[in-house]
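Letters A, B, ... are given to chains in the order of the sequence lines, protein chains preceding strands, and every chain is numbered from 1.
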Number of protein chains: 2
Amino acid sequence: MVVDPSSPSSECPVARTLEAIGDRWSLMIIRDAFDDIRRFSEFQKSLGVARNILALRLKTLVEVGVFDVQPASDGSAYKEYVLTEKGREIFPVVVSMRQWGERFLFTGDETRSVLLDNEYGQSLMPIEVRSSSGQKLGPSDCHRVRVVAGES
Amino acid sequence: MVVDPSSPSSECPVARTLEAIGDRWSLMIIRDAFDDIRRFSEFQKSLGVARNILALRLKTLVEVGVFDVQPASDGSAYKEYVLTEKGREIFPVVVSMRQWGERFLFTGDETRSVLLDNEYGQSLMPIEVRSSSGQKLGPSDCHRVRVVAGES
DNA sequence: TGAATCCAGTTGCTAATTGAAACCAGTTTA
DNA sequence: TAAACTGGTTTCAATTAGCAACTGGATTCA
């Protein structure tokens with residue numbers, strides 16, 4: 001999908017997010033990064049993605065500012081891809097995808113991986129959309145508004 | 001986060017979610033559906049997507065169970081694509097993408113669309129990952145575990 | 001020290017997917 | 001009744017993904 005910068009859709013943060021990180025491999029790479037995967041070969045092995053595609057995705061993710069390239073932490077001459085603050089903040093996106101998948105894409109008797117908090121080993125709270133006053137909101141409780149630059 | 005390296009990706013709910021709805025157009029279609037867009041031509045006009053691609057995406061989204069096909073609510077002979085419960089529950093995914101995009105992909109002076117709650121017209125609370133005890137969690141506060149079917 | 005292996009890609013080629021435009025049958029509007 | 005709209009399908013060109021082989025520096029092994 002190419003978003004014409006002059007088209008109204010580029011005003012939508014969802015569209016821009018999808019433009020930046022919204023492809024299958026990018027989000028899988030980021031998911032792996034949350035599991036402390038950092039090196040090219042580790043991503044490749046974990047995902048089974050073609051090397052050229054992985055190289056390409058990592059390059060754009062670095063350009064976008066989701067990853068930083070750093071010298072390897074083990075002292076070798078190689079490099080590591082480490083999530084930036086911007087990258088780490090994708091966590092809620094990945095977790096909400098995970099929770100939706102757990103709920104709707106698995107039958108009860110299937111083996112799956114789950115996310116637990118380190119402190120108590122408990123499963124996480126379901127992620128919810130809330131108003132500023134803390135009330136849970138569904139899709140029909142919200143509306144989109146265009147905010148023009150310069151106006152308050 | 002610690003991973004079992006032998007777990008195939010299909011056991012990962014994130015991977016399955018991306019498999020089902022993780023392509024650019026699908027998520028844009030779903031975003032539009034949250035804005036009460038229901039008809040083929042409305043999606044097409046709003047997104048500017050090629051008709052054949054839209055038809056394909058809608059078909060798989062119906063197969064996946066995200067949309068239901070219903071007779072048009074205006075009494076005409078046409079049909080509508082309406083989100084199912086499963087589809088409506090994608091809301092947190094889209095909202096977290098929106099919030100990430102708003103925060104990291106826009107400069108302050110750009111026109112953008114924002115989401116407000118209907119009741120007070122306020123912007124939403126930032127979506128957060130929380131433990132079952134309500135504590136805010138970052139990527140490094142969680143770990144992944146493989147749950148084998150049949151075991152408790 | 002030299003050979004073998006590992007790492008992080010790049011290149012070349014083929015297969016699959018996407019996108020634009022034209023086309024089409026049934027429906028609705030003027 | 002004609003024109004326009006709706007929800008697609010078909011065709012074809014262009015883009016992208018995926019595979020395998022290659023590369024050149026780094027590291028390990030004997």
Discussion item. Applying a 4.0 Å non-hydrogen cut-off, can you work out what R24(A) is touching in the nucleic acid: base, sugar-phosphate, or nothing?
Written reply: nothing

Worksheet item: More 5' along DNA chain C: K79(A) or N52(A), using each one's nearest nucleotide?
Response: K79(A)

Discussion item. Under the rule for ring-ring contact (aromatic ring centres under 6.0 Å, His included), what residues qualify as partners of F40(B), not counting sequence neighbours?
Written reply: none

Worksheet item: Going only through I, L, V, M, F, W and Y residues with side-chain contacts under 4.5 Å, is there a path from V114(B) to M125(B)?
Response: no

Item to complete: Check each of R144(B), R16(B), R146(B) against E11(B) using the salt bridge (Lys or Arg N to Asp or Glu O under 4.0 Å) test, and report the only one that passes.
Response: R146(B)

Worksheet, complete the sentence: Checking dG9(C), dG7(D), dG18(D) against the side chain of R39(B) (C-beta onward), the nearest is dG7(D)

Practice prompt. Determine the contact category for F43(A): base if any of its heavy atoms lies under 4.0 Å from a base atom, sugar-phosphate if only primed atoms, P, OP1 or OP2 are that close, otherwise nothing.
Written response: nothing

Worksheet item: Between residues 60-71 of chain B and DNA chain D, which residues have a heavy-atom gap below 4.0 Å?
Response: none

Fill in: Short side-chain N/O contact to dG19(C) OP1/OP2 from W25(B), under 4.0 Å
yes

Worksheet item: Less than 4.5 Å apart, any side-chain heavy atom of R31(A) and any of C12(B)?
Response: yes

Discussion item. I want to check one thing: is the phosphate of dG9(C), taken as OP1 and OP2, less than 4.0 Å away from some side-chain N or O of Y81(A)?
Written reply: yes

Response to the item:
B/S/- along nucleotides 22-30 of chain D (protein heavy atoms under 4.0 Å) is ---BSS---

Worksheet item: Is E128(B) paired with R130(B) through a side-chain N to carboxylate O contact shorter than 4.0 Å?
Response: yes

Worksheet item: Between atom CD1 in I29(A) and atom P in dA17(D), what is the gap in whole Å?
Response: 11 Å

Item to complete: Apply side-chain contact (heavy atoms from CB on, under 4.5 Å) to F104(B) and T17(A), showing your working.
Response: CA-CA 9 Å; F104(B) 293 103; T17(A) 296; over 6 Å; no

